2 protein chains.
Amino acid sequence: MGTASELIMYDYPTLLREHHLKATPQRTAILQVMAHEGHISIEMIYEKIKGLFPSLSLATIYKNMIAMQEQGIVKELKIAGFKNRYEIQKQPHHHMVCQKCGSIVDVEFDVAQALEGVSKSHGFELKQIDLSISGICDKCR
Amino acid sequence: MGTASELIMYDYPTLLREHHLKATPQRTAILQVMAHEGHISIEMIYEKIKGLFPSLSLATIYKNMIAMQEQGIVKELKIAGFKNRYEIQKQPHHHMVCQKCGSIVDVEFDVAQALEGVSKSHGFELKQIDLSISGICDKCR
DNA sequence: TTAGTCAAGGAGAAAAATTATCCTTTACTT
DNA sequence: AAGTAAAGGATAATTTTTCTCCTTGACTAA
Ligand SMILES: [Mn+2]
Ligand SMILES: [Mn+2]
Ligand SMILES: [Zn+2]
Ligand SMILES: [Zn+2]
């Protein structure tokens, strides 16, 4: 059995309420699909759960992604060559993207480490590194 | 005076022909604007050069960005929170993005170095690190 | 429990972004 | 200078995202 702290990660209604969002069935389903599929697009989320909610609107998913991003529950991933993907926010980590199949694997490592080592350990042929750091520039502070 | 190798970077007609693209005035203007503005959006390119070509079509810019990306002349940047930007392909480097004003500064450093040091030297308040590496996954090879 | 209230959902329009079509123009080749 | 294939322009069509307006329902607190 898992501990309470492990299980609480999957109690999405509570997670939503803690972020001042109502725990609707649609929202909970979106989070469950994200938890199950990992890094997923808007369209894929829609396809996965419209069976459960025959009247589901695409706008509902867009609106929820914005709301949940604002609350830090989900994160938007802009990947070169692919449509935006979304994932449930967790520990800071990076991604390894296959340019062919689009699969995305989480990789956890300190940026100070060598990236070649990380990719090599996954049997991954490293072709491109995209890194951008963001914050507030000198002029804007 | 610069050397030939420095100047050749600005001979866009030649650069285009080397990549099997015709050196049209529109294309040359797009590259000149990109060289001048740095990291620029489609819309901004359009605004900057439509004065020179009264009949310029937005589709022309889109088509050219795709063609020039395929040839490795330009690179598309997907930045969290902003519209896509484009830049002329040069040495591999990373970016420092201001979440407030959207300014983008090139930063050249080995990923193995500490990122905090880089941002600090720019007076930049580091808030987020986005890094993704791409290539071909083990399964796809 | 049961109302009341405000957030959220659904339907559809609208807006924004991107791509496609089709014909004309033009850069490059010979 | 002529021929050809690529590129541009105009426009339509898609695709993606956002908005409006009304209805529904989750949460609150009696
Ligand atoms: Mn991830
Ligand atoms: Mn750059
Ligand atoms: Zn793959
Ligand atoms: Zn700034």
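Everything numeric in this text was worked out from a predicted model, so none of it was measured. In what follows, every heavy atom counts, from backbone to side chain, and hydrogens, waters and symmetry copies are set aside.
Per the geometry, CZ belonging to B/F53 stands 22 Å off P belonging to C/dT24, to the nearest Å. Going from atom CZ of B/R27 over to atom C1' of D/dG9 covers 14 Å, rounded to whole Å. Between B/I61 atom CD1 and D/dG8 atom C1' the separation is 12 Å, expressed in whole Å. A/I30 has its CD1 atom 11 Å from the C1' atom of C/dG9, to the nearest Å. Between the NZ atom of A/K83 and the C1' atom of C/dT18 there is a distance of 9 Å, given to the nearest Å. Here the C1' atom of nucleotide C/dA8 and the CD1 atom of A/I73 are 14 Å apart, to the nearest Å. Spacing between atom CG of A/N84 and atom P of D/dT15 amounts to 17 Å, rounded to whole angstrom units. Rounded to whole Å, the distance from CE on B/M65 to P on D/dA7 is 15 Å.
Within the 4.0 angstrom heavy-atom criterion, no nucleotide atom of any strand lies near A/P54. B/A59 comes within 4.0 angstrom of a nucleotide base, judged by non-hydrogen atoms across all strands. Within the nucleic acid shown, A/L21 comes within 4.0 Å of sugar-phosphate atoms alone, with no base atom in reach, counting heavy atoms only.
A sub-4.0 Å separation between OP1 or OP2 of C/dG10 and a side-chain N or O of A/T60 is present. Using a 4.0 Å cut-off, some side-chain N or O of A/S55 falls inside it from OP1 or OP2 of C/dG10. Contact between the side-chain N/O atoms of A/S57 and the OP1/OP2 oxygens of C/dA11 is not found at any separation under 4.0 Å. One finds no side-chain N or O of B/Y62 lying less than 4.0 angstrom from the OP1 or OP2 phosphate oxygen of C/dT19. When the side-chain nitrogen and oxygen atoms of B/N64 are compared with OP1 and OP2 of D/dG8, one or more of them lie within a distance under 4.0 Å.
Across C/dT19, D/dA5, D/dG8, the shortest atom-to-atom separation from the side chain of B/K22 is found for D/dA5. Ranking D/dA26, C/dG10, C/dC28 by closeness to the A/L56 side chain, first place goes to C/dG10.
For the pair B/I66 and A/Q26, nearest-nucleotide mapping onto DNA chain C gives the more 5' position to A/Q26. Comparing B/L58 and B/H20, the nucleotide of DNA chain D nearest to each residue sits closer to the 5' end for B/H20. Both B/P13 and B/K63 sit near DNA chain C, but only B/K63 has its closest nucleotide nearer the 5' end.
Hydrophobic clustering (side-chain heavy atoms under 4.5 Å, transitive across Ile, Leu, Val, Met, Phe, Trp, Tyr) groups B/L58 together with B/I45.
Residue A/M68 holds its CE atom at 7.0 Å from CZ of A/R27, rounded to the nearest 0.5 Å.
Between the side chain of A/H36 and the backbone N or O of A/M34, no donor-acceptor pair lies under 3.5 Å. Side chain of A/R85 to backbone of A/S41: no donor-acceptor contact under 3.5 angstrom is found.
Electrostatic pairing of B/K48 and B/E37 counts as a salt bridge here, judged by a charged N lying under 4.0 Å from a carboxylate O.
The residue from B/V33, B/L15, B/L16 that alone fulfils the side-chain contact (heavy atoms from CB on, under 4.5 Å) condition with B/T28 is B/L16.
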